[in-house]
Peer 1: 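One structure follows; several queries about it will come next.
Order of listing sets the numbers, starting from 1, for every ligand and every atom in it.
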Amino acid sequence: MSTLSRLAQATPTQERLLVIYTGGTIGMQQADNGLTPGGNFAQRMAKALSQLPVVQQQLLPAYDVISYANLIDSSTATPLNWQQLADDITSRLTEYRGFVILHGTDTLSWSAASLAYQLQGIDRPVVLTGAMLPLEAPNSDGLNNIHGALRFAATAELQEVAIYFANRLMRGVRAVKHHSSALTAFSTPCYPLLGERVGDDFGYYPSRGLALQQRGAPRFELADYQGLSQGEVVRIALWPGMAAWQLDAWLSDPRVKGAVLQLWGAGNLPNDPALLNLLASASGEGKLLAAISLCPEGSVHMGAYAAGQGLTDAGVLSGDAMTPEATFTKLVHLLAQPIGFDVQRQRFLTSLVGER
Ligand code: ASN
């Protein structure tokens, strides 16, 4: 890990931000075998920011940059990367007023959701961003995204994990990547924006942020994700004709400890008792099962249709309108806690960080 300070002499650390560069397209450069995360990022970022209009440069907060030694394309991230990010933030919490994480976009919303659960009650901004095009590429969105992330990470009223992308500030645990190439790649389908850039102004909407009574005091849960980083939580999306033996293949494996089930519409499952029996026995064995919809918007209402009735009896928990990211990372997080099955289930149904 390398650290480099900008304005280091001029500004005490408590007034600075920490930027953590993890890899992703934003920092990628052309190599013989294609785009790969490039180094020397602190200098490259400073050079890019120096292209902003002088007025905007003067409004930038001071910051330090850490670059991870192992820069990754975020498609290779696992829960251990989420754990490392949370550790790196908490170990420097008292030194910095806010944090910016530069991350690949493919799994950016997964890291954001996981951080929200690990850093419950955080009292300062943690803003993740990345880019669809490398920082030095023509028409890159990298500079704009870094600029906005720095500005919002210096906004003291923002006290939660957020994503800044394409002029929009979003709750991290509500976000999804919905487009594979558009610069407006992220959205929060079931929650309004926390803030946005309009012209040269960066406006935060405090009424949409986590309220103090909802946020609570900082009570970080830095769990060990080691036992959950090799596929122990699975994600099963239904398809027409899915058969019981296929569900069984996923759920009967003793290594599987939890599953996100993506059901039809408002929470429907084919009317096959064998499917419900499999779910009931997996849940009876202590596997944490949660259902959300295959639809990107709207909630599951288990039991609304005859075909979905029986899910609650089979022990399946309703994920309401939670995103796949928020549901999956919450299962990982709860399974890593030293708490019993009933408490895990009850906490799943409780909104911990505004995820439901
Ligand atoms: N594959 C890249 C990543 O997630 C995509 C990006 O950053 N735009 O690391």
Side-chain angles (χ1 to χ4, degrees), residues 1-2 19-42 44-45 47-49 65-86 88-89 99-116 126-150 152-153 161-170 172-188 197 225 229 231 235 296 323-326 328-329 332:
M1 218 188 267
S2 70
V19 177
I20 303 178
Y21 167 55
T22 67
T25 297
I26 193 164
M28 288 197 187
Q29 292 174 314
Q30 199 62 46
D32 292 344
N33 55 347
L35 285 172
T36 176
N40 208 14
F41 193 78
R44 292 165 56 204
M45 177 172 152
K47 187 173 171 206
L49 288 168
V65 179
I66 288 176
S67 289
Y68 279 168
N70 182 25
L71 297 168
I72 59 166
D73 182 303
S74 77
S75 55
T76 66
T78 74
L80 293 180
N81 297 88
W82 310 337
Q83 183 179 341
Q84 183 184 357
L85 279 172
D88 288 335
I89 291 171
F99 296 83
V100 170
I101 298 169
L102 302 177
H103 196 292
T105 59
D106 286 337
T107 65
L108 188 146
S109 48
W110 298 75
S111 294
S114 174
L115 283 173
V126 175
V127 183
L128 291 92
T129 196
M132 301 305 281
L133 297 170
L135 186 59
E136 288 93 357
N139 304 317
S140 171
D141 51 338
L143 174 57
N144 269 340
N145 288 346
I146 293 175
H147 177 202
L150 286 170
F152 278 116
V161 178
I163 292 176
Y164 180 80
F165 218 89
N167 299 336
R168 299 189 290 194
L169 186 73
M170 294 160 268
V173 75
R174 291 279 189 154
V176 293
K177 182 177 178 184
H178 73 251
H179 204 290
S180 61
S181 58
L183 300 188
T184 50
F186 288 87
S187 60
T188 45
R197 176 181 181 168
Y225 288 167
S229 61
R235 175 183 182 183
T323 61
E325 288 88 326
F328 186 96
T329 57
V332 168

Peer 1: Is there a side-chain contact between Q30 and L35 in this structure, where contact means two heavy atoms from C-beta onward sitting under 4.5 Å apart?
Peer 2: yes
Peer 1: Check the pair T25 / T105 against side-chain contact (heavy atoms from CB on, under 4.5 Å), numbers first and verdict last.
Peer 2: CA-CA 8 Å; T25 297; T105 59; 5.5 Å; no
Peer 1: Polar-atom distance check: H103 versus ligand 1, any N or O pair below 3.5 Å?
Peer 2: no
Peer 1: Any N or O on T105 sitting closer than 3.5 Å to an N or O of ligand 1?
Peer 2: yes
Peer 1: Give me the nearest non-hydrogen protein atom to atom 1 (N) of ligand 1 as residue plus atom name, then the distance to 0.1 Å.
Peer 2: D106 OD2, 2.8 Å
Peer 1: Would you mind listing which atoms of ligand 1 come within a distance below 4.0 Å of any non-hydrogen atom of G104?
Peer 2: 3 (C), 4 (O), 7 (O), 9 (O)
Peer 1: Atom 9 (O) of ligand 1: which protein heavy atom is closest, and how many Å away?
Peer 2: S74 N, 2.7 Å
Peer 1: Looking only at heavy atoms, what is the nearest atom pair of Y21 and G38, with distance?
Peer 2: OH-O, 2.7 Å
Peer 1: May I ask you to check if ligand 1 and A131 share an N or O to N or O distance below 3.5 Å?
Peer 2: yes
Peer 1: We want to know whether T329 and S114 form a side-chain donor-acceptor pair, criterion being a heavy-atom distance below 3.5 angstrom.
Peer 2: no
Peer 1: Which option wins on minimum heavy-atom distance to atom 5 (C) of ligand 1: L108, T25, T22, T76?
Peer 2: T25
Peer 1: So is there a nitrogen or oxygen of D73 less than 3.5 Å from a nitrogen or oxygen in ligand 1?
Peer 2: yes
Peer 1: Can you sort out the partners of W110 under ring pair (Phe, Tyr, Trp, His ring centres under 6.0 Å), two or more places apart, ordered by chain and number?
Peer 2: F328
Peer 1: Mind telling me whether Y164 and F152 have parallel, tilted or perpendicular rings, with 30° and 60° as the class edges?
Peer 2: tilted
